[in-house]
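Step one of this worksheet: look at the structure below.
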Amino acid sequence: MSNETLRQELVELDKKYFIHPTSSLQDQQENGPGIIFDKAEGVYVTDVNGKKYLEGMASLWNVNIGYGRKEIAEAAKEQLEKCAYVSSFTGLSNEPAIRLAAKIAEITPGDLNGVFFTSGGSESNDSAYKFVRHYWKVKGKPEKTKIIARERAYHGVASGSTSATGIKSFHEFTTSLAPGFVHIDPDDPDAFRKAIEEEGADTIAAFLTEPIQGAGGVNFPKEGYLKEIRKICDEYDILFIADEVISGFGRTGKMFACEHYDIVPDVMIMAKGISSGYIQLGAVVLREHVHQDLIKYSKGVLMHGLTYSGHPTACAVGLKNIEIMENENMVENSKVMGDLLASKLKELQKETDIVGEVRHLGLVGAIELVKNQETGERFKEKVSVKVVAKARERGLILRNVVYWDKDTIVYSPPLCINEKEVNEFVDILKGAIFEVQTSL
């Protein structure tokens, strides 16, 4: 069977049977899948026709160590053959889960040390909300249930995490949002104080934030913002939850983004880079005082559990992933290559008429597309959509964000990217931008 014959067969099966996440059903039926991936190695993915792409998004911000690591496959195979899965319910345990929990406690900032495992970011978010509400309940303050979250934030698609997300289109998908979530201006600490005054501090369980907003457009907090929020939380006895699903595990040039801002959250949410996408895995990590208070005050069975919490094979993969990251200095490489990539994108900004702000931290960043570089005026049409499409045709996968007034290209390549691949990234993007610019 030829590659093209295989592709056509897969396209028809895809259209008939596969409901894609966060995709257009109509576009799928009209055009089929945009790319059918076949294999991947390093920073590259290849489709069934043999076309090679540089993965400028590390898939979904998550393939941090890069593709095709045989050490991961070997770790998974060894654990699958030894003990693929056992339950962690009713006090049962397994060595990979125990050792990964200990490793996470070692690498997270401050005294974060109590680890609850999930299968991904949405589960981690919903679990965190339940934990903080349970925490206040057993502490004798059951009325503290509300979660204050930021506009433009993305936290997942489970019932609670959809409601916590500060992006309107996710709310409009469903007909019933979970109660108890309040959204505030994403840049102003005084908006948090105002919400506390309006809602009442005795009703607020936690403040929830991505240290760096990812899917909302790679938005960085204003200087001092997170430290001021931490101060307000302490002042009003409110827990601070940091969602590091996208920004964790070296993405920003430090192991966790909170380290850039000199804060330690009471609860940290993680997924994605914890396994670099090789297997489904996430976690919620509690600070010492929260963990110890739950031990002291939560009586009987902790009535929250997921079938795959502490999955032995997933945890073995997570351990090997962190080992690779540490042994190959990928966190440092994220900083060095991230700075190099951003510097080249800022050079590109000077060579074009439509590239506005370029911002980054490590290997996560964004490029604003504008009609006027001086004023920041936008085009009436969303130009980033065209640039991302042209870049894909040329062999570079990126993502655009067009919520609100944004016309933004975001990027997050694997942390193993090297200088040659950075140059390739920029050359392809430059060609795509120039091609679109001449057509405007």
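It should be emphasised that the depicted structure is a prediction, and the values quoted were computed from it without experimental measurement. Positions are given from 1, in the same order as the sequence printed here.
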| request: Apply side chain to side chain donor-acceptor pair (under 3.5 Å) to Asn113 and Arg287, showing your working. | output: CA-CA 6 Å; Asn113 69 5; Arg287 203 168 175 181; over 6 Å; no

Looking at every non-hydrogen atom in both residues, tell me the closest pair between [X] and [Y] and how far apart they are.
{"X": "Ile397", "Y": "Ile35", "value": "CD1-CD1, 4.1 Å"}
{"X": "Pro211", "Y": "Ala257", "value": "CB-CB, 3.8 Å"}
{"X": "Arg230", "Y": "Val264", "value": "NH1-O, 2.8 Å"}
{"X": "Gly114", "Y": "His291", "value": "CA-ND1, 3.6 Å"}
{"X": "Asn321", "Y": "Ile274", "value": "ND2-O, 3.0 Å"}
{"X": "Ala391", "Y": "Ala432", "value": "N-CB, 3.6 Å"}

For atom [atom1] of [X], is the number of surrounding heavy atoms from other residues, nucleotides or ligands below 6.0 Å larger than 12?
{"X": "Ile19", "atom1": "CD1", "result": "no"}
{"X": "Lys137", "atom1": "NZ", "result": "no"}
{"X": "Glu374", "atom1": "CD", "result": "no"}
{"X": "Tyr308", "atom1": "OH", "result": "no"}

So that I can tick it off, tell me whether [Y] and [X] are bridged by a salt bridge, with the cut-off set at under 4.0 angstrom between side-chain N and carboxylate O.
{"X": "Lys222", "Y": "Glu228", "value": "no"}
{"X": "Arg69", "Y": "Glu41", "value": "no"}
{"X": "Glu199", "Y": "Lys146", "value": "yes"}
{"X": "Arg152", "Y": "Asp187", "value": "yes"}
{"X": "Asp407", "Y": "Arg378", "value": "no"}
{"X": "Asp293", "Y": "Lys139", "value": "yes"}
{"X": "Lys227", "Y": "Asp262", "value": "yes"}
{"X": "Glu197", "Y": "Arg193", "value": "no"}
{"X": "Lys103", "Y": "Glu106", "value": "yes"}
{"X": "Lys144", "Y": "Asp237", "value": "no"}

From [X] atom [atom1] to [Y] atom [atom2], the distance as rounded to the nearest 0.5 Å:
{"X": "Ile204", "Y": "Phe192", "atom1": "CD1", "atom2": "CZ", "answer": "6.0 Å"}
{"X": "Leu398", "Y": "Thr408", "atom1": "CG", "atom2": "OG1", "answer": "12.5 Å"}
{"X": "Ser334", "Y": "Arg251", "atom1": "OG", "atom2": "CZ", "answer": "6.5 Å"}

Under 3.5 Å, is there a donor on one side chain and an acceptor on the other for [X] and [Y]?
{"X": "His360", "Y": "Asp339", "value": "yes"}
{"X": "Asn333", "Y": "Asn329", "value": "no"}
{"X": "Arg150", "Y": "Thr209", "value": "yes"}
{"X": "Ser169", "Y": "Glu172", "value": "no"}
{"X": "His304", "Y": "Ser127", "value": "yes"}
{"X": "Gln79", "Y": "Thr313", "value": "no"}
{"X": "Thr162", "Y": "His171", "value": "no"}
{"X": "Asn372", "Y": "Glu377", "value": "no"}
{"X": "Asp111", "Y": "His289", "value": "no"}

| request: Evaluate the ring planes of Tyr53 and Phe37, with Trp represented by its six-membered ring, and classify them as parallel (under 30°), tilted (30 to 60°) or perpendicular (over 60°). | output: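 Ring orientation, 0 to 90° scale: perpendicular.
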
Looking at side-chain heavy atoms only, is the closest gap between [X] and [Y] below 4.5 Å?
{"X": "Ile72", "Y": "Ile324", "result": "yes"}
{"X": "Leu396", "Y": "Leu429", "result": "yes"}
{"X": "His311", "Y": "Gln280", "result": "no"}
{"X": "Lys335", "Y": "Val331", "result": "no"}
{"X": "Ile367", "Y": "Leu345", "result": "yes"}

| request: Keeping to residues at least two apart or across chains, list the side chain to side chain donor-acceptor pair (under 3.5 Å) pairs with something in residues 81-91. | output: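 Non-adjacent pairs meeting side chain to side chain donor-acceptor pair (under 3.5 Å): Lys77-Glu81.
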
Check: [X] ring centre within less than 6.0 Å of [Y] ring centre:
{"X": "Phe181", "Y": "Tyr129", "result": "yes"}
{"X": "Tyr44", "Y": "Tyr67", "result": "no"}
{"X": "Phe249", "Y": "Phe256", "result": "yes"}
{"X": "His20", "Y": "Phe18", "result": "yes"}
{"X": "Phe170", "Y": "Tyr154", "result": "yes"}

Keeping [X] on the side-chain end and [Y] on the backbone end, is there a donor-acceptor pair under 3.5 Å?
{"X": "Tyr278", "Y": "Gly68", "result": "yes"}
{"X": "Glu78", "Y": "Ala75", "result": "no"}
{"X": "Ser124", "Y": "Ala283", "result": "yes"}
{"X": "Lys382", "Y": "Lys406", "result": "yes"}
{"X": "Asp126", "Y": "Ser161", "result": "yes"}
{"X": "Gln373", "Y": "Gln349", "result": "yes"}
{"X": "Asn94", "Y": "Gly310", "result": "yes"}
{"X": "Arg359", "Y": "Val218", "result": "yes"}
{"X": "Asn62", "Y": "Leu60", "result": "yes"}
{"X": "Thr165", "Y": "Ile167", "result": "no"}

| request: Please say which of Ile148, Thr203, Ile196 ends up in a side chain to side chain contact (heavy atoms under 4.5 Å, CB included) with Val182. | output: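 Exactly one candidate clears the test, Ile148.
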
